[in-house]
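Here is the structure we will look at.
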Amino acid sequence: MSDRFSPYDADRPLMLKCSCGGNHAPADHHPEMNADGAAAELRRRSLSSEFEAYSNEFIEATLVKALFPQDEVRRRFLRAVGKGTAMAAIASVLPVGTMQAMAQDKGQLEKTNLKIGFIPITCATPLIMAHPLGFYSKEGLNVEVVKTAGWALIRDKMINKEYDATHFLSPMPLAISMGVGSNPVPMNVATIQNTNGQAITLANKHKDKRDPKMWKGFKFAVPFEFSMHNFLLRYYVAEAGLNPDTDIQIRVVPPPEMVANLRAGNIDGYLGPDPFNQRAVYEEIGFLHLLTKDLWNGHPCCAFGTSTEFIQKNPNTFAALYRSVLTAAAMARDPKNRELIAKVIAPQAYLNQPETVLTQVLTGRFADGLGNIKTVPDRADFDPIPWQSMAVWMLTQMKRWGYVKGDINYKQIAEKVFLLTDAKKRMADLGQKAPEGAYPKFTIMGKVFDAAKPDEYLKSFAINKMA
Amino acid sequence: MPKSLNFKATLVSVLLLLVFLAAWQLATLPAAGGAAGPAVSAEQAEYLKMLGKDPGAAKAGGFPTPLQMGQTAWRHLANPFYDNGPNDKGIAIQLGFSLARVGLGFLLACMVAVPLGFVIGMSPLLRRAFDPFIQVLKPISPLAWMPLALYTIKDSSISGIFVIFICSVWPMLINTAFGVASVKREWLNVASTLEVNPLRKAFQVILPAAAPTILTGMRISMGIAWLVIVAAEMLVGGTGIGYFVWNEWNNLSLTNVIFAILVIGIVGMLLDLAFAQLQKAVTYVE
């Protein structure tokens, strides 16, 4: 195909790098590859022994890390009981990896026809791609991934048991379990779906207002009240000295309407999920002010979860589901798969978005709307570990902005909702002292958050809405 | 004479359509090209590509041209029954889901509203007793019921049907009551004189006399139900023409949204025509 390079065309640049923007030779690229082709290629990669070993190890490492967040504790435990017992302890919770052969005869699936809800945004990538890539069916599950119209509906359908498991905004299971904004129904976060991957998008007319101190009177949109989007936007403007409740307006708006409202001049910007930040750039109506990665690198965003009742009634099904989603996360983490993943999730049945928009979000090589091409490989990432300190941070923000009142037992709620295996009980059965919870420290906008001292952290903020 | 009038009206309609299409075409003409200057660096070219613009070719504007519309319509209509899993179905399947929901909700509404309206119409006492409730419940937007329905019924598709039911009930109830109440006194008197039993009076005198009014109520209800289903399905999602609109809105694809709007309009018109025919069939000309 000579027209791909057009060396003699005076009006076109000579492109020796692949025209897709990817960092590979043009010969390696198959422009005619469609979603099916991409899915087939990814499936082929997932069947390679190399990936299988990698993903098994990944899953096991994820579990072990989640069980023993402090390496010291893990080593002490391993030394005390030996590898075999440790593996058996973990396998009794979740039959994984090397235990798969064993799992075959003991893991009778309680339920095989499942309905999983998702919102069509890139955060849902692992959950979605596990379907066309056959990760669910490989575990013997017949899963229907159902596109859902909004977060409130996801909440209602989970409470109504129409869905067996779902894509959540990671603070939602906390809110639902506590009965904030709905009936209290115990929910669990099994894995974090994605980390980073959000951005603050501003309308083109605000190109000269890059300092948040100039945002007084701005109208912003976020997708849901109990979302990292809401908490991070509030945090960001408050750090700039604005009160998010009085100095700016924050509305709950579904993401596609964010783009339309931005075009209509109805809002000045939004902290929204991708691909709708990149979509605003694609539509040439907004620019990326900053990526949320720059506020808190590695922050959780969406989660994969289900009700506590479902896990208790269907432990083996849940384990199989858990494994499929973790396998997908392992695949999605690898940068070399990202371009193909964009192809797989772009069609109508999943995200229904232009492929180039998704490619930019997932590969991290993107147009910023200001005329620059940026390369940020970890713009969106897929780190599945639901650290309980993340939950504690969310709870501090819920308290900070008045969504919950009074004293909160942060750790108790965090441990009840995040993670989720009844690992501790099993370990107690084995006569072992359960490991401490998972509370690494995080740095958010330059400030270290220590989950051991949530109240002190809260008191350090001048702008808040605590009664 | 009426034949030539018909002919002229058709002619004017076609003319109006052509004018409309021409105006549309003119309004959506791509801005005169030439923007692609010769000095595009590789980086700039890549940037343009990221914005969905091929270097050299003008990017299609946000609003589709009539030609694009035609292509989209053809693409949807050429294969209306495909089914690619729960999130991607052909337009005919989506319409089928919507029609089934409307039909079910409407039927339930008929089963409640017509007998109840009959009773209310025959008894002035009940009419007054029911009136305040009807007056309060009638103006409530059907979609306002949705959260309540989702909370109590705990099933999104039944909630959708319930919303259709609740919006269809009132026009039918009021019209039935009105039709039954305004049956000519002479006919009732004649029936009394002939000592017709109440059941026979209801079915052989009142029902035929009130039938045109009852059907008017049904026609209004059907119109409202079809209006509501699209909004309800946009809220609840899953299947149906309303879900289709939402899904394409999620994709910010105006072409598909406009196509769906046209389809909704045409189906609504057909439903209305069907009820007009029914109405004609039961109208008694003195």
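In the text below, chain A, chain B and the rest are named by the order of the sequence lines, each starting its count at 1.
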Notebook entry, point to check: So do B/Leu252 and A/Tyr282 actually touch side chain to side chain, heavy atoms under 4.5 Å?
Noted result: no
Checklist line | Stepwise side chain to side chain contact (heavy atoms under 4.5 Å, CB included) check, A/Asn352 with B/Glu248 | finding: CA-CA 8 Å; A/Asn352 198 14; B/Glu248 291 308 330; 3.6 Å; yes
Margin query: For B/Trp249, which atoms come within 4.5 Å of any heavy atom of chain A: side chain, backbone, both, or neither?
Written below: both
Next item on the list: Return the option, out of A/Val145, A/Val357, A/Asp156, with the maximum number of heavy-atom pairs under 4.5 Å with chain B.
Entry: A/Val145
Margin query: What part of A/Glu257 gets within 4.5 angstrom of chain B, counting heavy atoms only: side chain, backbone, both, or neither?
Written below: both
Notebook entry, point to check: For A/Lys374, does the NZ atom have more than 12 heavy-atom neighbours from other residues, nucleotides or ligands under 6.0 Å away?
Noted result: no
Margin query: When you compare the side chain of A/Pro354 with that of B/Asn251, does any pair of heavy atoms fall below 4.5 Å?
Written below: yes
Notebook entry, point to check: Between A/Lys157, A/Lys161, A/Gln353, A/Glu162, which residue shows the highest count of heavy-atom pairs closer than 4.5 Å to chain B?
Noted result: A/Glu162
Next item on the list: Kindly state each residue pair satisfying side chain to side chain donor-acceptor pair (under 3.5 Å) with at least one member in residues 113-136 of chain A, sequence neighbours excluded.
Entry: A/Asn113-A/Asn142, A/His131-A/Tyr350
Notebook entry, point to check: For A/Leu153, is it the side chain, the backbone, both or neither that has a heavy atom under 4.5 Å from a heavy atom of chain B?
Noted result: side chain
Item checked: For chain A, which residues of residues 148-159 of chain B have heavy atoms nearer than 4.5 angstrom -> B/Leu150, B/Tyr151, B/Lys154, B/Asp155, B/Ser156
Notebook entry, point to check: Counting heavy atoms not belonging to B/Trp24, are there more than 12 under 6.0 Å from its CH2?
Noted result: yes
Next item on the list: Would you please name every residue forming a side chain to side chain donor-acceptor pair (under 3.5 Å) with A/Asn261, sequence neighbours left out?
Entry: A/Asn266
Margin query: Taking side chain to side chain donor-acceptor pair (under 3.5 Å) as the definition, give me every residue that meets it alongside A/His229, ordered by chain and number, with sequence neighbours left out.
Written below: A/Gln198
Check: Which residue out of A/Pro347, A/Pro254, A/Ala149, A/Pro255 racks up the most heavy-atom pairs below 4.5 Å with chain B?
Finding: A/Ala149
Item checked: Region of A/Phe366 in contact with chain B, defined by heavy-atom distances below 4.5 Å -> backbone
Next item on the list: Using non-hydrogen atoms and a 4.5 Å limit, figure out which bit of A/Thr356 sits close to chain B: side chain, backbone, both or neither.
Entry: side chain
Checklist line | Interface moiety of A/Asn372 toward chain B, non-hydrogen atoms closer than 4.5 Å | finding: backbone
